[in-house]
Number of protein chains: 4
Amino acid sequence: MFLMIEIDSDKPIYMQIRDQVIEGIASGQLPAGTSLPSIRQLAADFGINLHTVNKAYDLLEREGFIQLRRKTGAVVQVSGTLSDTWNERLQALMAEAYAKDVSSAEILQHCQLILGEFAAQHKLSNNS
Amino acid sequence: MFLMIEIDSDKPIYMQIRDQVIEGIASGQLPAGTSLPSIRQLAADFGINLHTVNKAYDLLEREGFIQLRRKTGAVVQVSGTLSDTWNERLQALMAEAYAKDVSSAEILQHCQLILGEFAAQHKLSNNS
Amino acid sequence: MFLMIEIDSDKPIYMQIRDQVIEGIASGQLPAGTSLPSIRQLAADFGINLHTVNKAYDLLEREGFIQLRRKTGAVVQVSGTLSDTWNERLQALMAEAYAKDVSSAEILQHCQLILGEFAAQHKLSNNS
Amino acid sequence: MFLMIEIDSDKPIYMQIRDQVIEGIASGQLPAGTSLPSIRQLAADFGINLHTVNKAYDLLEREGFIQLRRKTGAVVQVSGTLSDTWNERLQALMAEAYAKDVSSAEILQHCQLILGEFAAQHKLSNNS
DNA sequence: GTGGTCTAGACCACA
DNA sequence: GTGGTCTAGACCACG
């Protein structure tokens with residue numbers, strides 16, 4: 001599995017699942033149409049509560065990243081628009097760095113670095 | 001005042017205060033040395049509790065954005081380094097957009113737009 | 001329990017908790033991984049307020065001595081670096097003794113004595 | 001003057017005065033018998049409140065570092081024993097470092113360094 | 001008047 | 001059950 005749950009993290013488990021699924025999609029490891037493990041499967045694999053996984057999947061569906069089907073389980077779908085709060089969160093993050101006197105160039109470099117990694121992994125996944 | 005509190009938001013009030021103060025610093029509205037309203041003052045102005053404001057100010061101080069003084073209140077101070085989780089949060093945000101099939105160029109454009117606004121406002125504040 | 005709260009002390013209660021937990025870690029009574037009592041539990045045990053304990057735990061977490069988990073409570077974790085003011089506080093303390101005409105040798109002996117006790121207790125805890 | 005007041009510090013002003021007078025004594029800059037500036041003088045020099053200086057002097061007298069006389073002002077006297085809380089504060093400080101996995105040798109080295117500086121300055125003052 | 005500390009009691013998110 | 005957040009009201013230290 002591609003998931004890495006840190007039970008000690010300050011980030012809620014369902015958010016860890018959500019974020020990592022999204023990163024998996026971004027990096028091309030989970031292209032559209034891919035089936036995600038069933039809720040029971042995933043919960044069993046990591047020894048976490050069904051409700052926790054359910055909450056993550058439900059959130060991912062509401063955000064348009066996956067589609068939940070009876071029996072078939074969860075399927076990745078790439079569609080939808082950026083969430084309402086995305087821009088706000090980005091602005092908060094940019095402000096945090098800018099207020100620390102980090103230059104715009106340096107901040108953009110950080111962004112580019114991350115995006116570059118996604119692109120590189122994407123390419124790799126497609127070729128394999 | 002520069003603050004805009006949404007009592008119904010899912011984001012904790014003390015985080016709203018923190019984020020908006022940081023944005024104020026980033027945009028130059030709150031240059032180093034500026035005095036922030038006292039804890040009691042701000043609490044009264046927005047009809048929120050003293051402890052909530054205190055928590056926000058305490059957090060801002062620990063993160064190096066302001067300095068709390070016994071008698072003078074809170075004063076803006078730019079120093080310190082980026083928080084440990086800044087890069088993680090940025091990566092999660094970038095992934096979210098990339099997974100939505102938004103191109104790298106478009107994402108970077110979003111960042112640049114925000115940073116550009118900060119720079120423009122900064123310039124404006126300095127000239128006035 | 002290992003704690004000893006003096007309600008009448010000039011030292012704030014949350015600082016008493018903090019210092020004693022740190023001493024517990026130093027002496028090996030609280031090795032990494034040990035679970036601390038929950039906030040509510042500790043507050044109830046000593047008849048103090050939940051928020052006071054919360055403040056102590058929050059401080060200990062920020063200083064890297066413990067880790068707060070949603071469900072499991074507080075767990076000891078040794079990491080992080082010395083606080084910024086440690087050296088200043090040490091210097092003030094050394095000056096106080098030196099100004100009383102206590103010899104350097106005697107002062108160092110005090111330090112060694114304390115450190116020796118920590119080491120001895122540490123050894124004891126490990127062997128048991 | 002030998003004093004350096006930081007109005008922004010988290011440490012109360014009267015404590016800054018106290019600590020620096022003690023350091024002055026420890027380093028030999030203020031040998032026994034030296035007259036300290038009058039309360040009014042010191043308050044005027046630093047633009048601080050009379051009560052604040054008074055509080056510092058009062059504390060220093062109660063701790064046995066100086067002697068307050070009518071008209072004559074404050075005179076340094078080296079005598080008295082270590083304060084009741086000195087050992088406790090030292091123990092807390094040692095614990096803080098030891099709990100961070102700093103070795104006893106390294107901690108002692110810190111202490112020796114500070115004491116060595118006092119001794120060196122002391123010698124210098126006596127020779128001059 | 002400022003921030004710092006403590007108490008009392010409440011609701012929510014997480015698992 | 002855990003910690004996280006918010007409210008309300010109190011007293012103290014500092015200057």
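First the proteins, then the strands, lettered A, B, ... as listed; each starts at 1. Here the structure is a predicted model, which means the values were calculated and not measured.
In this entry the distance linking CZ of C:Arg69 with P of E:dA15 reads 13 Å, nearest Å. Protein atom CD of B:Gln67 is 15 Å distant from nucleotide atom C1' of E:dT2, rounded to whole Å. Rounded to an integer number of Å, the gap from C:Gln41 CD to F:dG3 C1' is 14 Å.
Pairs of residues two or more places apart, or lying in two chains, never qualify as ring pair (Phe, Tyr, Trp, His ring centres under 6.0 Å) while including a residue from residues 47-81 of chain A. Residue pairs that meet the ring pair (Phe, Tyr, Trp, His ring centres under 6.0 Å) test with at least one member in residues 71-97 of chain C, sequence neighbours left out, are C:Trp86-D:His110.
C:Asn54 is linked by a side-chain hydrogen bond (donor to acceptor under 3.5 Å, both in side chains) to nothing, counting only residues two or more places apart in sequence or in another chain. Considering only residues two or more places apart in sequence or on other chains, A:Asp58 meets the side-chain hydrogen bond (donor to acceptor under 3.5 Å, both in side chains) condition with A:Arg62. The side-chain hydrogen bond (donor to acceptor under 3.5 Å, both in side chains) check on D:Gln16 picks up nothing, with sequence neighbours excluded. With sequence neighbours left out, B:Glu63 forms a salt bridge (charged side-chain N to carboxylate O under 4.0 Å, His left out) with B:Arg18. With sequence neighbours excluded, no residue satisfies side-chain hydrogen bond (donor to acceptor under 3.5 Å, both in side chains) with B:Arg40.
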Legend entry - Footprint string (nucleotides 5-15 of chain F, 5' to 3'): B base within contact, S backbone only, - free, heavy atoms under 4.0 Å: BBBBB----SB
Legend entry - Per-nucleotide pairing state of DNA chain E [Watson-Crick or G-U, under 3.5 Å; [ ] pseudoknot-crossing; | other strand]: ||||||||||||||.
